[in-house]
Amino acid sequence: MTQSDAAEEWPEPPLAGTEAAAVLGALERQRATLAWKTSGLDAAGLRATVGASAITLGGLLKHLAHVEDSHFARLWLDTPVGAPWNTVDWDSDPDWAYRTAAQDTPEQLRTLWRESAARSRAVVDQALSTGGGLDQLGAYATRNGERPNLRRILLDLIEEYARHVGHADLIRESVDGLTGEDPG
């Protein structure tokens, strides 16, 4: 995605929309920012680090692909997360997504992330099509019997993206000087 392509497609939450439209708009803006911050880079650019941190842009793509898949599989559907995540021993290698991203090509990382986000969008679209809105409860239940509603799952996802988009800002600037919140 070029800078001009991103500017034409830049998502903005509605100024006075429904709660669902505002929450989903905020999530899409975070996703678009990550896509922009990781666009146009080769393998070396996706492997760059800043300071003492081992976080890379490629690692962020892979980690957020896992977050997309696991949040909706685990919290909304209460089902096991699928491949490639189901083959990882997360207890012994909690940083697997970050650590193994360097083994993947830029296109593999971008595809993994895009496909995970598309699966999340499909789950949310299906949930909202029932008319239950953001108050609907997910299938997962805690030991106390509490279940997360769709609002909480989406807000947690926005928070996760926002934190990591901040990392992406710093890393990308160190690679080629690209700065800013959006390409517009």
Side-chain angles (χ1 to χ4, degrees), residues 1 5-6 9-11 13 20-21 23-43 45-48 54-91 93-129 134 136 138-140 148-169 171-172 182-183:
M1 175 186 312
D5 291 339
E9 300 172 16
W10 199 258
V23 169
L24 293 174
L27 178 56
E28 288 303 329
R29 182 171 49 194
Q30 293 297 323
R31 286 175 174 152
T33 302
L34 180 73
W36 179 50
K37 294 294 180 170
T38 60
S39 69
L41 294 176
D42 60 10
L46 290 178
R47 291 182 189 131
I55 294 175
T56 66
L57 292 170
L60 289 173
L61 282 169
K62 197 165 187 175
H63 167 71
L64 287 166
H66 175 243
V67 169
E68 291 269 6
D69 281 335
S70 66
H71 265 55
F72 289 103
R74 186 172 50 85
L75 298 173
W76 185 252
L77 302 171
D78 196 23
T79 60
V81 68
W85 322 116
N86 60 348
T87 63
V88 178
D89 179 356
W90 294 100
D91 290 332
D93 195 358
D95 292 330
W96 179 85
Y98 290 110
R99 186 182 56 73
T100 63
Q103 300 165 14
D104 300 320
T105 67
E107 190 52 38
Q108 287 171 321
L109 292 167
R110 289 183 183 106
T111 298
L112 180 68
W113 175 74
R114 280 192 306 264
E115 289 175 354
S116 295
R119 282 189 291 278
S120 294
R121 286 184 191 100
V123 168
V124 171
D125 288 347
Q126 173 63 32
L128 291 175
S129 75
L134 299 180
Q136 296 177 73
Y140 172 79
N149 63 21
L150 186 56
R151 176 184 301 102
R152 172 61 188 265
I153 295 167
L154 289 168
L155 291 174
D156 284 354
L157 198 56
I158 292 168
E159 179 185 354
E160 185 78 8
Y161 267 95
R163 180 174 46 253
H164 291 312
V165 164
H167 297 129
D169 285 339
I171 299 167
R172 182 61 188 251
D182 67 65

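What's counted below: heavy atoms across the whole structure, side chains too, no hydrogens, waters or symmetry copies.
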Notebook entry, point to check: Counting distance only, does the side-chain N/O of Asp95 pair as donor-acceptor with the main-chain N or O of Tyr98 below 3.5 Å?
Noted result: no
Margin query: Test side chain to side chain contact (heavy atoms under 4.5 Å, CB included) on Tyr140 and Thr79; report intermediate values, then the result.
Written below: CA-CA 8 Å; Tyr140 172 79; Thr79 60; over 6 Å; no
Notebook entry, point to check: About how many Å separate CG of Asp69 and CG of Leu64, when rounded to the nearest 0.5 Å?
Noted result: 11.5 Å
Next item on the list: Examine distances only and state if a side-chain atom of Arg172 and a backbone atom of Ser39 form a donor-acceptor pair shorter than 3.5 Å.
Entry: yes
Item checked: Close side-chain approach of Leu134 to Leu128, heavy-atom, < 4.5 Å -> yes
Check: Is the backbone of Leu61 close enough, under 3.5 Å, to the side chain of Arg110 for a donor and an acceptor to pair up by distance?
Finding: no
Check: For His66 and Lys62, what are the C-alpha separation, side-chain angles and deciding distance, and is it a side chain to side chain contact (heavy atoms under 4.5 Å, CB included)?
Finding: CA-CA 6 Å; His66 175 243; Lys62 197 165 187 175; over 6 Å; no
Margin query: Taking the side chain as everything from C-beta on, heavy atoms only, tell me whether Val165 gets closer than 4.5 Å to Arg29.
Written below: no
Check: Roughly how far, to the nearest 0.5 Å, is CG of Leu46 from CG of Leu57?
Finding: 6.0 Å
Checklist line | Shortest non-hydrogen separation from Asp42 to Pro106 and the atoms involved | finding: C-CG, 3.8 Å
Checklist line | Whether Trp90 side chain and Trp85 backbone form a donor-acceptor pair below 3.5 Å | finding: yes
Check: Between Ser120 and Ser116, is there a donor-acceptor pair closer than 3.5 Å when you use the side chain of the first and the backbone of the second?
Finding: yes
Margin query: I'd like to know if Asp156 and Arg152 make a salt bridge, using a cut-off of under 4.0 Å between side-chain N and carboxylate O.
Written below: yes
Check: Considering only heavy atoms from C-beta outward, does the side chain of Phe72 approach that of Val124 to under 4.5 Å?
Finding: yes
Next item on the list: Would you please test Thr56 and Ile171 for side chain to side chain contact (heavy atoms under 4.5 Å, CB included) and show each step?
Entry: CA-CA 7 Å; Thr56 66; Ile171 299 167; 5.6 Å; no
Item checked: Nearest-0.5 Å distance, CZ of residue Arg114 to CZ of residue Arg31 -> 13.5 Å
Margin query: Strictly distance-based, threshold 3.5 Å: is any side-chain N or O of Gln136 a donor or acceptor partner for the main-chain N or O of Ala127?
Written below: yes
Next item on the list: List the steps, then state whether side chain to side chain contact (heavy atoms under 4.5 Å, CB included) holds for Ile158 with Glu28.
Entry: CA-CA 9 Å; Ile158 292 168; Glu28 288 303 329; over 6 Å; no
Notebook entry, point to check: With distance as the sole criterion, is a donor-acceptor pair present between the side chains of Glu68 and Tyr161 under 3.5 Å?
Noted result: yes
Check: What heavy-atom pair brings Ala101 and Leu109 nearest, and what distance separates the two atoms?
Finding: O-CD1, 3.8 Å
Notebook entry, point to check: Judged by atom type as modelled, is there a donor-acceptor pair below 3.5 Å linking the side chain of Arg47 to the main-chain atoms of Ala102?
Noted result: yes
Note to self: Nearest 0.5 angstrom please: Leu150 CG to Trp76 CH2, how far?
What the structure shows: 4.5 Å
Notebook entry, point to check: What class does the angle between the rings of His63 and His164 fall in, given that below 30° is parallel, 30 to 60° is tilted and above 60° is perpendicular?
Noted result: perpendicular
Next item on the list: Check for a donor-acceptor pair, side chain of Thr111 on one end and backbone N or O of Gln108 on the other, with a separation under 3.5 Å.
Entry: no
